[in-house]
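Notes follow the structure.
Just so you know, these numbers come straight off a predicted model, no measurement behind them.
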Amino acid sequence: GRMEELLEAVPDNICEQVLRTFANAHSMIHGNADSTDHALSAARLLERRVNLLGKLDRFREQGELLCDLGDTLVSRGMQDNAAKQYELAFRMATTRGLFSVECRACYGLGWIRVKERRYEEGVEQLRNALACLPISGSISLHRELTDSRPELRVLNLFIKGLFAVNALDELETLVPRYREAAQEQSRSSGRLDVMELDSLLFRARLHEARGKPQDAAAEVRALLDLLRENRARVQDMLGVCQPMLSEASGQLQILDPETGNQELIESWALELAKLRS
């Protein structure tokens with residue numbers, strides 16, 4: 001409170017110097033944020049910077065920082081508080097036409113709602129994020145992510161939400177789109193991307209939902225072939241791949257130990273065992 005009162009009496013350039021000091025202090029704290037106390041300290045610095053940016057009419061940076069604050073709170077399991085920051089960022093973005101901020105805020109809210117199993121709300125937020133993405137320019141969806149695949153990240157979470165609400169007609173369009181984008185990601189990087197494995201699981205789930213178990217089995221066999229051909233690469237990504245592949249048994253009837261395709265179940269179990277060895 002006292003700091004904000006003092007800043008009102010000084011020029012904008014002094015405020016900017018204070019902002020930079022806060023940014024450096026936050027960076028130092030975040031770099032060692034291995035405890036809740038550190039995370040909360042970082043969050044307090046971010047909140048103060050948000051207020052200062054508003055006074056300087058730097059609204060895009062203010063919105064991005066609100067999303068950063070949401071990301072910080074999510075990383076500590078404080079989803080309710082994080083959602084409030086994303087909602088503030090969303091309202092600011094829609095008022096001022098800040099599409100990159102709107103995209104980030106919707107993605108953050110969508111992620112929280114899907115994790116909370118509030119799938120219909122999550123799907124709506126992610127649909128908004130996907131719509132904003134083409135007009136958002138270069139964007140990172142999370143403060144700790146710097147990559148070239150925001151569309152894949154939004155689609156991945158969106159598709160999971162759509163499966164939860166059984167929106168098969170929409171999935172008929174988005175699953176092939178995700179598959180193409182995932183394959184292109186693998187081609188452009190020169191190595192298998194984990195999202196290409198996910199894309200085959202999505203295709204298998206969609207075939208099953210449409211009552212086509214043979215087509216679903218063909219997708220699982222294609223995934224097994226990819227695992228065999230890229231075992232070293234998959235082992236490098238084991239921390240991401242293993243949970244995803246383990247969950248597939250519960251998502252696909254053809255991999256159900258009681259009622260599934262026994263040949264596929266055995267092949268699946270064998271490949272998972274090889275990855276763990």
Side-chain angles (χ1 to χ4, degrees), residues 74 77 79 110-123 126 149 152-183 185-186 191-277:
V74 163
Q79 269 83 338
W111 187 93
I112 289 173
R113 299 310 179 216
V114 168
K115 295 299 179 183
E116 292 174 337
R117 300 179 184 272
R118 293 163 61 177
Y119 294 115
E120 291 185 359
E121 293 177 47
V123 160
L126 293 164
R149 53 184 188 177
L152 278 168
R153 292 190 183 279
V154 177
L155 278 172
N156 183 282
L157 194 56
F158 189 26
I159 287 169
K160 289 174 181 176
L162 290 172
F163 272 117
V165 298
N166 203 36
L168 299 185
D169 289 343
E170 202 163 358
L171 285 164
E172 290 282 6
T173 300
L174 291 176
V175 169
R177 176 177 167 183
Y178 182 82
R179 172 70 177 150
E180 290 176 10
Q183 286 180 305
Q185 178 69 22
S186 291
R191 58 184 184 175
L192 178 70
D193 190 278
V194 66
M195 291 190 177
E196 188 170 351
L197 302 176
D198 236 349
S199 72
L200 289 169
L201 288 175
F202 287 153
R203 282 163 61 107
R205 290 177 67 184
L206 184 56
H207 286 313
E208 268 200 350
R210 290 297 195 191
K212 300 176 181 178
Q214 291 183 339
D215 290 342
E219 301 294 350
V220 172
R221 291 191 181 95
L223 190 151
L224 289 171
D225 288 341
L226 269 182
L227 292 178
R228 295 182 188 110
E229 294 164 6
N230 299 274
R231 184 164 292 125
R233 169 63 177 156
V234 173
Q235 285 177 327
D236 288 342
M237 305 184 293
L238 198 57
V240 178
C241 291
Q242 189 168 322
M244 177 189 73
L245 297 172
S246 297
E247 287 174 8
S249 298
Q251 295 169 340
L252 289 165
Q253 294 176 18
I254 54 174
L255 294 179
D256 186 296
E258 300 293 330
T259 60
N261 181 315
Q262 290 304 311
E263 174 209 344
L264 274 184
I265 291 169
E266 290 173 9
S267 298
W268 189 262
L270 179 62
E271 287 307 313
L272 286 182
K274 288 179 180 176
L275 288 176
R276 296 189 190 106
S277 61

For this session: Can you sort out the partners of Asp169 under side-chain hydrogen bond (donor to acceptor under 3.5 Å, both in side chains), two or more places apart, ordered by chain and number?
Result: Arg210

Exercise. What pair of heavy atoms forms the shortest contact from Leu171 to Leu206, and how long is it?
Worked result: O-CD2, 3.8 Å

Side-chain polar contacts of residues 212-222 - donor-acceptor pairs under 3.5 angstrom, sequence neighbours left out - could you list them?
{"from": "Glu219", "atom 1": "OE1", "to": "Arg203", "atom 2": "NE", "distance (Å)": "3.1"}
{"from": "Glu219", "atom 1": "OE2", "to": "Arg203", "atom 2": "NE", "distance (Å)": "3.0"}
{"from": "Glu219", "atom 1": "OE2", "to": "Arg203", "atom 2": "NH2", "distance (Å)": "2.9"}

Exercise. Could you give the distance from CG (Leu227) to CZ (Arg233), rounded to the nearest 0.5 Å?
Worked result: 13.0 Å

Exercise. Which heavy atom in Gly161 sits nearest to a heavy atom in Val123, and how many Å separate them?
Worked result: C-CG2, 3.5 Å

Side-chain donor-acceptor pairs under 3.5 Å in residues 242-258, sequence neighbours left out?
{"from": "Ser246", "atom 1": "OG", "to": "Gln242", "atom 2": "O", "distance (Å)": "2.8"}
{"from": "Asp256", "atom 1": "OD1", "to": "Glu258", "atom 2": "N", "distance (Å)": "2.7"}
{"from": "Asp256", "atom 1": "OD1", "to": "Thr259", "atom 2": "N", "distance (Å)": "3.3"}

Exercise. By side-chain hydrogen bond (donor to acceptor under 3.5 Å, both in side chains), which residues pair with Arg205, not counting sequence neighbours?
Worked result: none

Exercise. In Å and rounded to the nearest 0.5 Å, what is the CG to CG distance from Asp198 to Asn156?
Worked result: 5.0 Å

Seminar exercise, completed: In this structure, CG of Asp225 is separated from CG of Asn230 (nearest 0.5 Å) by 10.5 Å

Problem set entry | salt bridge (charged side-chain N to carboxylate O under 4.0 Å, His left out) involving Glu170 - partner list, sequence neighbours excluded | Arg127

Can you give me every donor-acceptor pair (side chain of residues 264-275, partner residue at least two apart or in another chain, under 3.5 Å) with its distance?
{"from": "Ser267", "atom 1": "OG", "to": "Glu263", "atom 2": "O", "distance (Å)": "3.1"}
{"from": "Glu271", "atom 1": "OE1", "to": "Arg231", "atom 2": "NH2", "distance (Å)": "2.7"}
{"from": "Glu271", "atom 1": "OE2", "to": "Arg228", "atom 2": "NE", "distance (Å)": "3.2"}

Seminar exercise, completed: Sorted by chain and residue number, the ring-ring contact (aromatic ring centres under 6.0 Å, His included) partners of Phe158 (sequence neighbours excluded) come out as none

For this session: Can you sort out the partners of Gln79 under side-chain contact (heavy atoms from CB on, under 4.5 Å), two or more places apart, ordered by chain and number?
Result: Trp111, Ile112, Glu116

Problem set entry | Over all atoms of both residues, closest heavy-atom pair of Phe163 and Phe202 | CZ-O, 3.5 Å

For this session: Rounded to the nearest 0.5 Å, what's the gap from CG on Leu155 to CD on Glu180? Could you check?
Result: 11.0 Å

Exercise. Sequence neighbours excluded, which residues qualify as side-chain hydrogen bond (donor to acceptor under 3.5 Å, both in side chains) partners of Asp193?
Worked result: Arg149

Seminar exercise, completed: Here the gap from Arg191 atom CZ to Gln185 atom CD, rounded to the nearest 0.5 Å, amounts to 9.5 Å

Problem set entry | Side-chain touch Leu226/Val234, heavy atoms, less than 4.5 angstrom | no

For this session: For residues Tyr119 and Lys160, determine if any side-chain heavy atom of one lies less than 4.5 Å from a side-chain heavy atom of the other.
Result: no

Exercise. Counting distance only, does the side-chain N/O of Arg113 pair as donor-acceptor with the main-chain N or O of Glu121 below 3.5 Å?
Worked result: no

For this session: Tell me, please, which residues at least two apart from Arg177 pass side-chain hydrogen bond (donor to acceptor under 3.5 Å, both in side chains).
Result: Glu151

Problem set entry | From CG (Leu152) to CD (Glu196), nearest 0.5 Å | 10.5 Å

Exercise. If you look at every heavy atom in Leu126 and Val114, which pair is closest and at what distance?
Worked result: CD1-CG2, 4.0 Å

For this session: Determine whether more than 12 heavy atoms belonging to other residues, nucleotides or ligands lie under 6.0 Å from atom CD of Glu120.
Result: no

